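Presented below is the structure to which this report refers.
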Amino acid sequence: MSLIEITEVKKRFGDNEVLKGINIDVAPGEVVAIIGRSGSGKSTLLRCINGLEAIDEGSISVAGAQLLPDELHLKALRLKVGMIFQQFNLFPHLTAGRNVMLSQMVVKKTPKAQAEAMAKTMLERVGLGHKFDAYPDQLSGGQQQRVAIARALAMQPIALLCDEITSALDPELVSEVLAVVKELAGEGMTLMMVTHEMRFARDVCSRVVFMHQGRVHEIGPPEEVFANPKTPELQQFLGVTH
Amino acid sequence: MNEFTTWDILRNLLLAARWTVLLSLVSFIGGGLVGAALLFARIGKGRIGPTFVKAYVELFQGTPLLMQLFLAFFGLGLFGVDVPAWLAAGVALILWSAAFLTEIWRGCVESIARGQWEASSSLGMGYLQQMRHVILPQALRIAVPPTVGFSVQVVKGTALTSIIGFVELSKAGTIVTNATFEPFTVYGLVALIYFCLCWPLSRSSQILERKLNVAHRNH
Ligand SMILES: Nc1ncnc2c1ncn2[C@@H]1O[C@H](COP(=O)(O)OP(=O)(O)OP(=O)(O)O)[C@@H](O)[C@H]1O
Ligand SMILES: [Mg+2]
């Protein structure tokens with residue numbers, strides 16, 4: 001059974017139809033890379049799955065639960081699906097540890113000691129156990145992004161959505177973040193990630209989705225999609241990025 | 001004709017300055033409370049709240065404070081309500097301060113990056129939780145310098161209440177001048193007292209701004 005089911009999803013901003021009927025099913029433990037040109041709707045799709053944008057038509061369900069636009073359903077969904085952003089979006093007024101503790105305590109009502117222990121564990125997991133008391137602006141971009149990952153993991157989601165999480169990083173910091181993601185993938189976390197890191201997509205992902213003008217233009221295992229692009233659009237896209 | 005020493009003048013002015021200080025405090029604190037309530041109506045999710053507050057702010061920012069004082073004082077008088085000067089002054093200044101403080105604070109809340117809302121949403125927080133734990137702590141820190149800076153405007157604003165007959169520092173200046181015929185000395189001293197009240201405020205606003213900027217960078 002699929003963990004994430006996206007069925008005929010359409011999304012408009014005014015007259016601009018950005019998603020024109022998206023169908024993707026993601027199995028538990030799958031790592032799906034979403035690639036495509038700027039403006040093709042990749043971010044919008046992830047944001048819809050997390051309920052940051054309301055969809056106009058179609059349906060999205062996660063672990064059997066429908067995505068509905070009321071607070072209660074949204075909250076339930078967001079407890080299942082974490083999201084990591086290009087700009088990290090750490091809370092600048094809180095230490096790394098506090099960043100990871102906050103939502104556990106506020107949303108899940110986890111007692112402080114337990115939240116703190118969880119925060120320590122998660123920061124260890126992303127290799128930042130020693131940065132518990134550092135503020136975001138005392139951390140490098142790569143470290144901040146790893147804290148953001150720890151923060152999402154602390155909510156124990158069953159899937160993570162990653163929107164170009166290495167695009168705002170200096171080139172030498174990209175690999176430390178990707179290493180964490182790769183480890184998560186190895187541990188069986190379900191991931192949907194928009195990425196421009198083609199090598200990473202090829203090595204780690206189980207499937208690649210090529211989006212073009214608001215549609216899933218091609219989808220398949222990375223060997224196939226990268227080695228044998230069927231459509232001229234994908235051929236051109238890969239040609240450009242190679 | 002009586003002989004007034006400079007000390008006599010100063011003493012009388014300082015006694016009246018207590019009312020300036022008291023009125024400033026009442027206006028600023030009252031305005032802050034009303035302003036906070038308006039802020040929540042303004043940035044809340046309702047329809048009516050934001051529209052009402054927008055109109056309120058435009059009304060109070062778009063008319064001179066003096067007119068507001070006249071309306072509070074004489075306007076209510078028209079309806080047969082006898083308003084003492086201190087009450088009209090207090091109410092008008094509170095409502096006026098509230099309009100400006102709401103607007104200052106709204107700017108601070110809206111300056112918080114959209115990503116902060118999105119990240120906290122994606123972690124499952126509700127609107128009030130986001131406000132309480134993520135947005136307001138950051139907005140508050142930005143709001144301190146302009147808020148303290150605005151308190152200077154409140155102190156200066158109290159001078160206008162002399163026109164409706166509230167005896168604070170400016171009004172006392174006029175009264176003392178009429179008795180002593182030494183306008184230059186009297187108003188010189190009045191100005192000096194205002195300066196002693198306002199300068200520490202504007203100075204601390206500047207210092208706070210610098211401190212909070214540095215704190216934001218390094219903690
Ligand atoms: N909030 C919004 N309001 C209006 N239009 C929007 C909004 N968000 C996105 N769009 C439009 O939707 C289209 C798809 O945007 P989206 O961000 O999903 O693209 P993308 O594939 O993620 O591109 P990129 O690679 O540049 O991040 C664009 O044309 C964009 O202008
Ligand atoms: Mg994008």
Side-chain angles (χ1 to χ4, degrees), chain A residues 43 46-47 49-53 70-96 98-109 133-139 144 147-148 150-157 160-163 168, chain B residues 36 39-41 43-50 104-148 207-219:
Chain A
S43 298
L46 286 196
R47 294 164 59 80
I49 300 174
N50 201 238
L52 290 175
E53 306 283 359
D70 61 287
E71 282 254 348
L72 223 76
H73 281 91
L74 271 182
K75 187 179 155 186
L77 171 96
R78 286 167 175 161
L79 287 175
K80 291 181 190 160
V81 184
M83 181 142 180
I84 323 279
F85 302 85
Q86 183 174 350
Q87 297 299 337
F88 330 136
N89 295 343
L90 291 183
F91 307 134
H93 60 300
L94 300 176
T95 60
R98 285 277 169 183
N99 261 277
V100 184
M101 289 163 68
L102 181 65
S103 55
Q104 298 180 62
M105 289 163 62
V106 169
V107 180
K108 286 189 166 178
K109 315 288 180 211
D133 291 318
Y135 282 90
D137 54 12
Q138 297 167 322
L139 300 173
Q144 288 189 52
V147 173
R151 182 174 69 175
L153 288 177
M155 298 301 279
Q156 300 180 294
L160 274 186
L161 310 172
C162 306
D163 190 1
Chain B
L39 173 69
F40 280 99
I43 59 182
K45 284 182 176 162
R47 272 272 165 75
I48 312 157
I104 292 174
W105 295 340
R106 182 183 64 87
C108 296
V109 169
E110 286 180 355
S111 74
I112 304 300
R114 202 172 56 137
Q116 294 289 308
W117 286 99
E118 297 188 339
S120 46
S121 287
S122 78
L123 289 163
M125 289 187 212
Y127 178 74
L128 290 177
Q129 295 172 334
Q130 294 176 297
M131 269 295 174
R132 158 88 183 72
H133 296 285
V134 177
I135 305 300
L136 286 184
Q138 296 181 58
L140 230 59
R141 163 178 255 165
I142 311 171
V144 171
T147 304
V148 174
I207 293 171
L208 280 169
E209 183 164 2
R210 207 172 315 130
K211 270 218 173 116
L212 288 172
N213 272 340
V214 173
H216 207 64
R217 247 181 285 118
N218 305 317
H219 293 279

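Keep in mind it's a predicted model, so treat the numbers as computed, not measured. A note on names: the letters A, B, ... follow the listed sequences, proteins ahead of strands, and every chain is numbered from 1.
Residue Leu74(A) does not touch chain B at all, counting heavy-atom pairs closer than 4.5 Å. The contact between Arg114(B) and chain A is made entirely by side chain atoms (from C-beta outward), counting heavy-atom distances below 4.5 Å. Heavy-atom distances place both the backbone and the side chain of Arg151(A) under 4.5 Å from chain B. When heavy atoms are compared at a cutoff of 4.5 Å, Phe91(A) approaches chain B by way of both its backbone and its side chain. Looking at Met83(A), the atoms closer than 4.5 Å to chain B (heavy atoms on both sides) sit in the backbone and in the side chain alike.
What you find for Met125(B) and Val106(A) is that their closest heavy atoms are CG-CG1, 4.4 Å. Scanning both residues, Ser122(B) and Asn50(A), for their nearest heavy atoms gives CB-OD1, 3.1 Å. The shortest heavy-atom contact between Val107(A) and Gln129(B) is CG2-OE1, 4.2 Å. Taking both residues in full, the closest heavy atoms of Gln138(B) and Pro92(A) are given as OE1-CG, 3.2 Å, listed atom of the first, atom of the second, then distance.
No donor-acceptor pair closer than 3.5 Å links the side chain of Gln87(A) to the backbone N or O of Gly115(B). Judged purely by atom type and a 3.5 angstrom limit, His133(B) has no side-chain atom pairing as donor or acceptor with the backbone of Ser103(A).
Counting heavy-atom pairs closer than 4.5 Å to chain B, the top-ranked of the candidates Arg47(A), Gln104(A), Glu71(A) is Arg47(A).
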